[in-house]
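The chains referred to below are lettered A, B, ... by the order of the sequence lines, with proteins before strands, and numbering in each begins at 1.
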Protein chains: 2
Amino acid sequence: MASWVNVYLKNLTDEELTHEILPGKNHGVWMLGHLIASDDDLSLYLGKGPRLYPEYEGVFTQGSRLKPAGEYPAPSVLREQWYNVVEKNKKIYSELKDEELLQPHEMLKGKIGDDYFKTKGNVAINWLLHQLYVTGQLSVLRLACGKPGLV
Amino acid sequence: MASWVNVYLKNLTDEELTHEILPGKNHGVWMLGHLIASDDDLSLYLGKGPRLYPEYEGVFTQGSRLKPAGEYPAPSVLREQWYNVVEKNKKIYSELKDEELLQPHEMLKGKIGDDYFKTKGNVAINWLLHQLYVTGQLSVLRLACGKPGLV
């Protein structure tokens, strides 16, 4: 997953990340922040420790209010934080055991009920799919910046 | 994967699928065709039978030349074909055995070499990730059609 995401991130300059995907819509800075925030909480769901950047809750998570790109941390800072989250999660994935996959995820406190994700295995799959979903948006940002499509 | 893709497909009307994601760039019809063509060849890579729609090779695959939306099959036809491919692949996934995951995929004829995907397991993962990548593009098409973002 990370290698695929990173191809697209590396193909966008810091300046291009400040562009909006469509007028008035998300810019690349928000998308990169969203990648960080949404992969950082994997450790909470799998019971593998805290977030590295809990301050991004409500800033880069779903439903947060979009501000101009310049009001967020600089793209260079965000890129480094993204790589830190990737390294954290690579270690988590490498140590994950088969028997954990069917366990209720840790945000449920033991009660699956009608939760959408239910198990740690489903969390892992959906988190990976989500990152590629954001990468698809980054691929359009690349086009919006006038670069040839990798689409 | 399919349920996530389908949320976005169902949120776009047949007319909206004819819109371009950006001026002169891919429209939704091509993206839907690309979903079909790229998931249809999973059965070739896993050794589980032929494609349902081999005629889409070179039409909806990477590097094909984009034509106006009206020159492709109608969105309603493509939707039905997409669901047929999803059903084909659901059966393949449900019958896939652990020991197959580390086997060279069937397009390699037994020689892994420096192939990017190498194993059937890697093919399965990358095909799933790719479909979410296209879904991220569909999410931008939704915005381009003036609908509120699911982004």
same_hphob_cluster(A:Tyr93, B:Leu102) at 4.5 Å side-chain heavy-atom cutoff: no

Closest contact, heavy atoms only, B:Gln137 versus A:Gly136: CG-O, 3.4 Å

Establish whether A:Val77 and A:Trp30 are linked, either directly or via other cluster members, by ILVMFWY side-chain heavy-atom contacts under 4.5 Å. no

Please look at A:Leu128 and chain B and tell me whether the side chain, the backbone, both or neither of the residue comes under 4.5 angstrom of a heavy atom of that chain. both

Can you tell me if B:Lys90 has over 12 outside heavy atoms packed within less than 6.0 Å of its NZ? no

Going from CG on A:Leu132 to CH2 on B:Trp4, what distance comes out if it is rounded to the nearest 0.5 angstrom? 9.5 Å

Just how far is it from atom CG of A:Leu143 to atom CG of B:Asn26, taken to the nearest 0.5 Å? 7.5 Å

Rounded to the nearest 0.5 Å, what separation is found between the CG atom of B:Leu22 and the CD1 atom of A:Ile21? 8.0 Å

Reported OH-to-CG distance for the pair A:Tyr133 and B:Leu129, which is rounded to 0.5 angstrom: 15.5 Å

Inspect the surroundings of NZ in B:Lys67 and state if more than 12 heavy atoms from other residues, nucleotides or ligands are less than 6.0 Å away. yes

Can you establish whether the number of heavy atoms outside A:Glu55 located under 6.0 Å from its atom CD is more than 12? yes

